[in-house]
Every structure is written in C-alpha cells, then in structure tokens.
Amino acid sequence: METLANVLVALVAALHAYILVVEMFLWQKKPGRALHGFDREMARATAPMAANQGLYNGFLAAGLVWGLIAADPTGFRAQVFFLCCVVVAGVYGAVTANRRILFAQALPGALALAAVLIAQ
C-alpha cells in the first residue's frame with residue numbers, strides 16, 4: 001500500500017507541476033487559452049493572476065515532493081498537510097470557478113490522501 005500511496009502522491013505532484021507550467025508559461029499560448037476557452041485578449045488580461053495561481057500550484061508540488069523524499073515522520077506529515085491543501089483548493093475552486101476542478105484536482109488529492117493515511 002505504501003508504494004501505491006507514493007505513486008499517487010507523485011502523480012498529484014506532477015499534476016500541480018503541470019498546472020504551474022500552464023498557468024505561468026503557457027497561459028497566453030494555445031494550451032493555456034484552451035484550458036478556459038479564453039481569447040487572446042482575455043488571456044493577456046488574466047495572465048498575471050494565472051501566473052500567481054501557477055506559483056501556488058508549484059508550492060503544492062514542491063511540498064508533495066518534499067513529503068516523498070523526507071524521512072518519516074516529517075515525510076508523512078508533509079504529505080498529509082499538502083494533500084489536505086490540494087483537496088481544500090480543489091473544493092474551493094469547484095465551488096467558485098469550475099465544477100470540473102473537483103474531479104481534476106480535489107479527487108486525485110483525496111485519493112492520494114486516503115492511500116497515505118491507510119499506508120501509515
């Protein structure tokens with residue numbers, strides 16, 4: 001179960017690293033605009049906000065990687081903390097921005113969190 005938990009945490013970290021890249025570097029390019037259906041002008045106007053969001057997603061990814069490489073109990077605690085942050089951010093995003101965030105962010109985070117807790 002520990003291996004499964006580590007794989008799920010790594011996948012959630014990779015997802016948030018991907019979100020960082022899209023929001024910080026590709027927002028005004030086709031992949032970033034397609035994510036929300038923005039035209040060039042809307043993407044340009046929202047790029048600073050998206051870059052800020054991307055930075056926060058990078059912090060989540062970094063925290064999860066730290067949790068994977070740190071020895072326990074620090075590694076376990078870091079994983080639980082950052083996965084809880086992922087779930088809360090996903091639920092908030094689903095309520096305030098787009099319901100699909102619940103499935104794209106909160107659900108993977110919750111599954112990884114459950115695996116981490118069961119593996120402990």
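Everything numeric in this text was worked out from a predicted model, so none of it was measured.
Of all heavy-atom pairs spanning Gly67 and Gln79, the tightest one is O-NE2, 2.9 Å. Ala106 and Val91 make their closest contact through CB-N, 3.9 Å (heavy atoms, listed as atom of the first residue, atom of the second, distance). Summarising the geometry of Ala17 relative to Ala61, their closest heavy-atom pair is N-CB, 3.9 Å, with the distance given to 0.1 Å.
Under the side chain to side chain contact (heavy atoms under 4.5 Å, CB included) criterion, Tyr92 pairs with Thr96, not counting sequence neighbours. Evaluation of the side-chain hydrogen bond (donor to acceptor under 3.5 Å, both in side chains) rule for Asn6 yields no partner, not counting sequence neighbours. Residues passing the side chain to side chain contact (heavy atoms under 4.5 Å, CB included) test with Leu15 are Ile19, sequence neighbours excluded.
Applying the salt bridge (charged side-chain N to carboxylate O under 4.0 Å, His left out) test to every pair with at least one member in residues 76-100, sequence neighbours left out, gives no pairs at all. Sorted by first and then second residue, the pairs that involve residues 26-49 and meet salt bridge (charged side-chain N to carboxylate O under 4.0 Å, His left out), not counting sequence neighbours, are Glu41-Arg44.
Both Leu35 and Tyr18 are members of a single hydrophobic cluster when ILVMFWY side chains are connected at heavy-atom separations under 4.5 Å. Residues Leu55 and Val21 fall within the same hydrophobic cluster, defined by Ile, Leu, Val, Met, Phe, Trp and Tyr side chains chained together at heavy-atom separations under 4.5 Å. Connection of Val22 to Ile101 is not established within any shared hydrophobic cluster, with ILVMFWY side chains joined at heavy-atom distances below 4.5 Å, either directly or through further cluster members.
Side-chain atoms of Asn52 never come within 3.5 Å of backbone atoms of Pro48 as a donor-acceptor pair (strictly under, hydrogens ignored).
Connectivity analysis of hydrophobic side chains (ILVMFWY, heavy atoms under 4.5 Å, direct or indirect) links Phe81 to Val9, Val12, Leu60, Leu64, Trp66, Leu68, Phe76, Val80, Phe82, Leu83, Val86, Leu113, Val116, Leu117.
Distance NE2/His16 to CG/Leu11: 11.5 Å, rounded to 0.5 Å. Between atom OG1 of residue Thr46 and atom CH2 of residue Trp27 there is a gap of 5.5 Å, rounded to the nearest 0.5 Å. For the atom pair Leu20 CG and Tyr56 OH, the distance stands at 13.0 Å (nearest 0.5 Å).
The local environment of CE in Met49 is crowded, with over 12 non-hydrogen atoms from other residues, nucleotides or ligands closer than 6.0 Å.
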